[in-house]
Amino acid sequence: MKKYLGNAEFYKRVSIIALPIAFQNLIQIGVNMMDTIMLGTLGETALSASALANQFITIYHICSMGIGMGASVLVSRFWGMQELNSLKKSVTIMLRLCLGFALVFAVLTAFFPGQIMRMYTPEEDVIREGVRYFLYSIPTYFLLGLSLDCTLVLRSIGSAVVPLVCSILGFMSNLFFNWVFIFGKLGAPRMEVAGAALGTLISRIIEFAMIGGYFFFIEKKLGYRIKDLFMKCGDLVREYLVISIPVVISDALMALGNSAVAMIMGRIGTNFVSANSITTVTQQLTTVLTQGVAQAGCIVTGHTLGKGEVAKAQDEGYTFAVFGLIMGAIAGAIVFLVSGPVVGMYNITDDTKDIAMQLMRAISIILVFQSTNSILAKGVLRGGGDTKFLMLADVLFLWIASVPLGILAGIVLKLPAFWVYFCIKIDQIIKCVWCFQRLHSGKWIKRISK
């Protein structure tokens, strides 16, 4: 029984990593929530345009997260081995990939903003506002990707507090500049949807200046500097590709799948899109600790395996799984209890409120499975290097279950919002069972060479 509960040393290791990550995620969600609340006062067109434009930006965000988390598997393991030269090479490959992806998304956004918005909705008013949002979002890809990936490296070597402080300052600046440019305060023009994008861009510049400045010029444990971007790392490319590329592919295809889900919602109607943007923020707020524990699971597992303690890593995996079940149940209960007051905060129609309440009820059930799945898939199993298996799980169930069932329930059968959302998120239930079986098998622990 003890292997399911852990010990004081384990909880200390997890807390040191998970709590700063959770606080940082909470701050980021706070930014998203304030955007949603501010834009919600302008009506459902503005809210939907921002939500759908951000669906495309989220594809890049998830790809960048995949690049960073794939590198994090190697970084955590090499940190456990104290192989700093190999660690630096992993970071170099990661940053080069990040900049390449950012360039692709920036070009697409600059030259095809209308076509991108039409993938999500046929409503011309929403498309027009979304194009305005995209105009100020183009440089954001580079800033977002570099800040995110530098943050993931810092977390992997036990320096999670600095990114947290930078995020707090970024949140404060985002809140201020959004208020200024959305509503035209302090003599600034009233830009509405475009103002939200401009405010976010300014805050990204501030955040990257702080995180990038620390990572490239001040941090001493790793000592990575700008000149290291040009170091030779060909001998590690194969190892990096074997471990990291499945993570990138998995997260990229999952992002496309989530984007396909957004397209389904967009074709159900603006009411559904607005309701989902409200419930998404609530869901994220209740799962910040789960996200922190998931990333801590990847890092702690990597450190443990890097020291050669395989049996200990297996026992810690079971403890993380129990964490997931408990936190998922708590998060689901919170969503159920606060759904009424949260939905009542927004200036939306009665139909949209009804849809939002149905989605909240569905989320309160799904969260139990989603939290467990997140901690195992994005944490423990990924930290063990089992990235090919996870790529299969992510892609398979999203595309053969969630997407087709979502189309059937939402567009063909036009079922109530509760069942549409339940079908869209059915992959979370399947993956929860799938990943636990993988954990129990012990096959998830992969050897990584120096």
Side-chain angles (χ1 to χ4, degrees), residues 1-19 21-22 69-81 152 155-156 158 160 242-244 246-247 250-251 287 289-331 367-394 397 428-448:
M1 187 59 158
K2 186 178 179 181
K3 70 181 178 181
Y4 296 104
L5 300 178
N7 54 40
E9 183 264 344
F10 169 78
Y11 289 114
K12 180 180 179 181
R13 290 166 64 205
V14 173
S15 298
I16 288 172
I17 299 170
L19 291 179
I21 294 174
M69 288 302 295
S72 182
V73 175
L74 292 172
V75 169
S76 298
R77 194 76 68 91
F78 287 138
W79 184 252
M81 298 175 180
L152 290 171
R155 290 173 179 173
S156 297
V242 169
I243 296 295
S244 301
V247 179
S250 172
D251 284 4
T287 58
L289 186 57
T290 300
Q291 296 167 28
V293 172
Q295 291 191 40
C298 180
I299 295 166
V300 167
T301 301
H303 290 174
T304 302
L305 290 174
K307 296 173 183 176
E309 300 173 331
V310 175
K312 183 179 180 180
Q314 180 72 42
D315 289 347
E316 289 175 349
Y318 287 121
T319 305
F320 277 116
V322 173
F323 268 14
L325 283 171
I326 294 173
M327 288 189 290
I330 293 172
L367 277 178
V368 178
F369 302 94
Q370 182 174 312
S371 294
T372 308
N373 165 54
S374 294
I375 288 175
L376 290 178
K378 306 304 180 188
V380 177
L381 303 185
R382 181 172 284 182
D386 198 18
T387 53
K388 291 181 181 178
F389 172 86
L390 295 173
M391 177 181 68
L392 178 65
D394 282 338
F397 301 127
Q428 298 295 331
I429 297 175
I430 302 171
K431 283 196 294 184
C432 177
V433 177
W434 179 275
C435 288
F436 187 81
Q437 289 177 339
R438 185 66 169 182
L439 172 70
H440 187 65
S441 73
K443 296 178 181 178
W444 56 280
I445 298 174
K446 307 296 182 184
R447 181 179 178 275
I448 295 177

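The shown structure was predicted, so the numbers you read here are calculated from the model rather than taken from an experiment.
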Nearest 0.5 angstrom please: [X] [atom1] to [Y] [atom2], how far?
X      : Y      : atom1 : atom2 : value
Arg13  : His303 : CZ    : NE2   : 8.5 Å
Ile445 : Leu439 : CD1   : CG    : 8.5 Å
Leu289 : Ser371 : CG    : OG    : 9.5 Å
Cys298 : Phe320 : SG    : CZ    : 10.0 Å
Gln314 : Glu309 : CD    : CD    : 14.0 Å
Leu367 : Gln428 : CG    : CD    : 9.5 Å

| Lys443 and Asp386 ion-paired at < 4.0 Å | no

| Could you go step by step and tell me if Met327 and Ile330 meet the side chain to side chain contact (heavy atoms under 4.5 Å, CB included) rule? | CA-CA 5 Å; Met327 288 189 290; Ile330 293 172; 5.5 Å; no

| Do you see a donor-acceptor pair shorter than 3.5 Å between the side chains of Ser374 and Thr290? | no

| task | Return yes if a side-chain donor-acceptor contact under 3.5 Å exists between Thr301 and Glu316, otherwise no. | result | no

| Between Phe323 and Tyr11, does the ring centre distance come in under 6.0 Å? | yes

| task | Test Leu305 against every option in Met81, Lys312, Lys446, Arg77 by the side chain to side chain contact (heavy atoms under 4.5 Å, CB included) rule and name the one that passes. | result | Arg77

| For Ala296 against Ile21, the heavy-atom pair lying closest together | N-CD1, 4.5 Å

| request: Search all heavy atoms of Thr372 against all heavy atoms of Ala321 and return the closest pair with its distance. | output: CG2-O, 4.0 Å

| side chain to side chain contact (heavy atoms under 4.5 Å, CB included) assessment of Thr304 paired with Val300 | CA-CA 6 Å; Thr304 302; Val300 167; 4.1 Å; yes

| query | Hey, mind stepping through Lys431 and Phe369 against side chain to side chain contact (heavy atoms under 4.5 Å, CB included) and telling me if it holds? | reply | CA-CA 8 Å; Lys431 283 196 294 184; Phe369 302 94; over 6 Å; no

| field | pair Trp444-Leu390: side-chain heavy atoms closer than 4.5 Å | value | no

| Does Arg155 reach the side chain of Gln295, with side-chain heavy atoms less than 4.5 Å apart? | yes

